[in-house]
Amino acid sequence: MGMAEYKGQVKNIQDTPFGYTLSLIGGKWKMVIIYLLAENQPVRFNDLKRQIGSITFKILSSQLKELESDGLIDRKEYPQIPPKVEYRLTAKAETLLPVLEGLCEWGAKNRNK
C-alpha cells in the first residue's frame, strides 16, 4: 500500500506502513549503520565505530541491539579472547537497500541545487 491509499485517513502515523518503516530505520544512526553494512559485510563493532566517527560506543551498541531485535542485522560472536563480534545484514534488511539507493540518487540530483 502506498501513501495515496492512506490520504485523509491517517489518525496515527504508527498505524501506517510508513510508520512501521520509520520505527525500524528512523533516527540518526540506523540508516547509516545499514548503509555501512551494505558496503562491507561482515563488519566488526570497532570498525563500524571508526567508520561512523561521531557516534558513542553506548549509542552504537544500543542501535545495533535494536536493529538485531527488529531482524535487520545478524550478530555473530566468536568465542575467543579478545572477543570478536561481527555484524551483517539479514535478508529482510537487504530488501531496504533499493530504498536507500533511491535516497542516494535523490541526494545526488538535489545536492547542488
Side-chain angles (χ1 to χ4, degrees):
M1 296 181 85
M3 292 186 332
E5 295 170 36
Y6 286 91
K7 191 170 184 162
Q9 300 174 27
V10 176
K11 294 185 181 11
N12 188 345
I13 193 71
Q14 286 81 15
D15 296 336
T16 66
F18 181 75
Y20 170 73
T21 305
L22 280 183
S23 74
L24 296 182
I25 63 170
K28 186 174 180 179
W29 301 111
K30 288 182 179 178
M31 284 196 292
V32 172
I33 292 167
I34 292 169
Y35 178 86
L36 291 172
L37 288 174
E39 292 288 314
N40 314 297
Q41 293 190 76
V43 179
R44 294 178 68 178
F45 183 91
N46 284 335
D47 292 334
L48 270 175
K49 169 72 172 95
R50 204 172 299 113
Q51 289 176 13
I52 296 172
S54 58
I55 193 170
T56 65
F57 285 103
K58 181 179 179 181
I59 296 295
L60 178 56
S61 179
S62 72
Q63 296 292 279
L64 288 168
K65 285 177 185 174
E66 287 179 25
L67 288 166
E68 183 182 14
S69 71
D70 290 334
L72 296 177
I73 63 170
D74 281 328
R75 179 182 189 270
K76 184 172 184 179
E77 188 172 338
Y78 296 90
Q80 66 184 46
I81 297 177
K84 177 181 172 183
V85 178
E86 292 179 339
Y87 298 91
R88 67 178 65 244
L89 296 178
T90 62
K92 180 179 179 179
E94 289 185 4
T95 64
L96 281 169
L97 297 183
V99 175
L100 294 182
E101 186 63 37
L103 290 172
C104 288
E105 289 171 9
W106 186 90
K109 289 178 186 173
N110 293 282
R111 184 177 195 175
N112 295 323
K113 289 185 177 185

Using residues 26-47 as the side-chain source, report each donor-acceptor pair under 3.5 Å to any protein atom, sequence neighbours left out, with the distance given to one decimal.
unit_1	atom_1	unit_2	atom_2	d
Lys30	NZ	Glu66	OE1	2.7
Gln41	OE1	Leu89	N	2.6
Asp47	OD1	Arg50	NH1	2.6

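- Note on Leu48 and Phe57: same hydrophobic cluster, where clusters join Ile, Leu, Val, Met, Phe, Trp and Tyr whose side-chain heavy atoms are under 4.5 Å apart, directly or indirectly.
- Annotation: the span from Leu96 atom CG to Thr21 atom OG1 amounts to 7.0 Å, rounded to 0.5 Å.
- By the rule that hydrophobic residues join a cluster once side-chain heavy atoms approach within less than 4.5 Å of another member, Leu64 and Ile52 end up as members of one cluster.
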Counting only pairs under 3.5 Å, give me each side-chain donor-acceptor contact of residues 71-87, with atom names and distances, residues two or more places apart or in other chains.
unit_1	atom_1	unit_2	atom_2	d
Arg75	NE	Tyr87	OH	3.4
Arg75	NH1	Glu77	OE1	2.9
Tyr78	OH	Glu86	OE1	2.9

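- In this view, Lys65 satisfies the side-chain hydrogen bond (donor to acceptor under 3.5 Å, both in side chains) rule with no residue, not counting sequence neighbours.
- Every residue meeting the side chain to side chain contact (heavy atoms under 4.5 Å, CB included) condition with Thr56, not counting sequence neighbours, appears here in chain and number order: Lys58, Ile59.
- The salt bridge (charged side-chain N to carboxylate O under 4.0 Å, His left out) contacts involving residues 96-105 comprise nothing, where partners must be two or more places apart or lie in separate chains.
- For the pair Leu24 and Lys92, the minimum side-chain heavy-atom distance is below 4.5 Å.
- Following chains of ILVMFWY side-chain contacts shorter than 4.5 Å, one cannot reach Val99 starting from Leu22, and the two form parts of different hydrophobic clusters.
- If you take CG on Leu67 and OG1 on Thr90, they are separated by 9.5 Å, rounding to the nearest 0.5 Å.
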